[in-house]
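Letters A, B, ... are given to chains in the order of the sequence lines, protein chains preceding strands, and every chain is numbered from 1. Quick caveat: nothing in here was measured; it's all calculated off a predicted structure.
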2 protein chains.
Amino acid sequence: MQQERRRQQDRTDGTRAALLEAGRMLFVEKGFAGTSTPELVAATGLTRGALYHHYADKRALFAAVVEREAQAAAEAIETMPSVNAPLDALRVGSRVYLEAMSVPGRTRLLLLDGPAVLGLSEMDEIHARHGNRTLRQGLEAAMESGAIRRLPLAVTTEMLGALFDRAALSVAQGASLEDALAVVSAVLDGLRA
Amino acid sequence: MQQERRRQQDRTDGTRAALLEAGRMLFVEKGFAGTSTPELVAATGLTRGALYHHYADKRALFAAVVEREAQAAAEAIETMPSVNAPLDALRVGSRVYLEAMSVPGRTRLLLLDGPAVLGLSEMDEIHARHGNRTLRQGLEAAMESGAIRRLPLAVTTEMLGALFDRAALSVAQGASLEDALAVVSAVLDGLRA
DNA sequence: TTAGTAACATACAGGCTGTATGTATGCAAC
DNA sequence: GTTGCATACATACAGCCTGTATGTTACTAA
């Protein structure tokens with residue numbers, strides 16, 4: 001009974017995983033608009049029927065792919081070694097973040113197509129559901145402890161996050177990771193109280 | 001002769017202007033993917049034939065709209081009063097930039113759909129063709145004069161530009177302009193040598 | 001075993017894009 | 001001025017794609 005119920009579940013899980021995997025590959029390679037549902041299912045051996053059975057539409061599959069990517073990135077970041085000094089924690093965190101974002105395709109999914117297809121607010125919700133906390137908490141702790149200046153937390157988080165994101169994009173496009181980190185480090189340094 | 005040749009030119013210019021205007025309106029309102037060429041030409045009284053006569057495809061019209069927007073933004077920024085002290089120039093420039101980016105729809109065109117549809121490199125080319133120089137030159141001057149730390153110029157420009165862009169987006173989404181400027185100011189301050 | 005439901009596959013309707021083709025209008029030279 | 005060409009458009013068409021409706025098979029619970 002357990003086993004029979006599992007069989008259906010496994011079947012579903014396997015199909016969804018296949019669709020997510022093919023989706024990630026194609027969305028990364030050709031973008032959301034450039035990927036058609038026929039070629040998507042062709043990559044899995046299924047038909048469009050299966051796709052539309054499991055996901056409301058192409059956008060919903062894309063959202064699932066993006067959410068999975070955001071989760072993976074968040075996990076990579078949360079395994080960060082904890083650092084005592086808040087400012088050092090921010091420095092280490094930014095390096096970890098840039099490394100996490102260097103997974104091929106991740107910048108395209110999370111920073112280019114994601115915001116355009118799903119919208120900024122839905123992207124914010126996705127990030128909120130996973131690890132976006134890290135930067136905000138890091139900044140908050142650093143402000144509380146007096147390590148860096150006190151600034152409006154929400155906008156500061158958004159703006160520094162955008163700085164890191166662009167760093168990740170530049171690195172993905174060939175810029176030097178060390179150069180990017182030098183700028184990050186200088187900016188964080190400059191925020192000391 | 002001049003006059004007769006002008007008539008054709010005027011006709012072309014008028015048609016293109018109408019397409020650009022309708023394009024801007026619809027692309028801002030419904031995004032690139034959400035805007036169809038039939039509704040685009042319906043907004044001008046023309047037909048799709050005219051559109052495809054003047055532009056290679058929908059993407060080319062979108063690129064023209066984006067380029068025009070980038071140019072308008074650049075012009076608004078270049079009319080900035082010149083300031084002597086490099087660091088003050090950066091401060092004033094950032095306020096002018098945020099104001100320029102507060103034109104409705106501009107953030108969507110230049111920061112959301114533009115990069116996703118045209119790609120980062122084409123967007124960079126567009127910006128290079130217009131006013132992106134401002135920030136780069138401001139940073140360069142500030143570094144030369146010793147006002148701020150010496151950092152890799154290219155990435156620094158990209159990353160600070162992204163910081164400003166996100167500030168513009170946050171403001172466009174309801175955040176306080178003063179909060180955003182406080183962060184900008186703090187970051188610039190912190191970069192002093 | 002049987003009824004019901006979930007997991008697919010197939011078939012279809014509508015819309016959209018880009019191109020090919022047709023038409024009219026300006027323009028330049030004779 | 002009319003003849004011929006090029007430019008500016010309009011119309012028609014082919015192909016693809018999306019989402020839905022309908023059919024079929026595989027489970028599962030009673």
For this session: List in numerical order all residues of residues 37-51 of chain B for which some heavy atom is under 4.0 Å away from an atom belonging to DNA chain C.
Result: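 Thr37(B), Pro38(B), Arg48(B) - these, ordered by number, are the residues of the stretch whose heavy atoms sit under 4.0 Å from the strand.
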
Salt bridge check: are [X] and [Y] linked by an N-O gap of less than 4.0 Å?
X	Y	result
Arg16(A)	Asp13(A)	no
Asp10(A)	Arg7(A)	no
Glu122(A)	Arg59(A)	yes

Round to the nearest Å and state the distance from [X] atom [atom1] to [N] atom [atom2].
X	N	atom1	atom2	answer
Tyr55(B)	dA8(D)	OH	P	12 Å
Arg7(A)	dC8(C)	CZ	P	15 Å
Gln9(A)	dA6(C)	CD	C1'	11 Å
Lys30(B)	dG15(C)	NZ	C1'	13 Å
Leu61(A)	dG19(D)	CG	P	11 Å
Asp57(B)	dG18(C)	CG	C1'	8 Å
Phe62(A)	dT18(D)	CZ	P	14 Å
Lys58(A)	dT20(D)	NZ	P	15 Å

So, is [X] near the phosphate of [N], with a side-chain N or O under 4.0 Å from OP1 or OP2?
X	N	value
Arg11(A)	dC8(C)	yes
His54(B)	dC9(D)	yes
His53(A)	dC8(C)	no

Looking just at side-chain N and O atoms, do [X] and [Y] make a donor-acceptor pair shorter than 3.5 Å?
X	Y	answer
Thr157(B)	Arg136(B)	no
Ser102(A)	Arg106(A)	no
Arg11(B)	Thr15(B)	no
His130(B)	Glu75(B)	no

Problem set entry | DNA chain D: 5'-proximal contact among Ser36(A) and Thr12(B) (nearest heavy atom) |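 Nearer the 5' end of the strand: Thr12(B).
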
For this session: Fit a plane to each ring of Phe27(B) and Phe62(B), take the angle between them on a 0 to 90° scale, and name the class: parallel (under 30°), tilted (30 to 60°) or perpendicular (over 60°).
Result: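 Perpendicular, since the angle between the ring planes exceeds 60°.
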
Between the protein and nucleotides 3-5 of chain C, which nitrogen or oxygen pairs come in under 3.5 angstrom?
none

Exercise. Does some side-chain heavy atom of His127(B) sit less than 4.5 Å from a side-chain heavy atom of Met123(B)?
Worked result: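 With C-beta onward as the side chain, the pair touches.
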
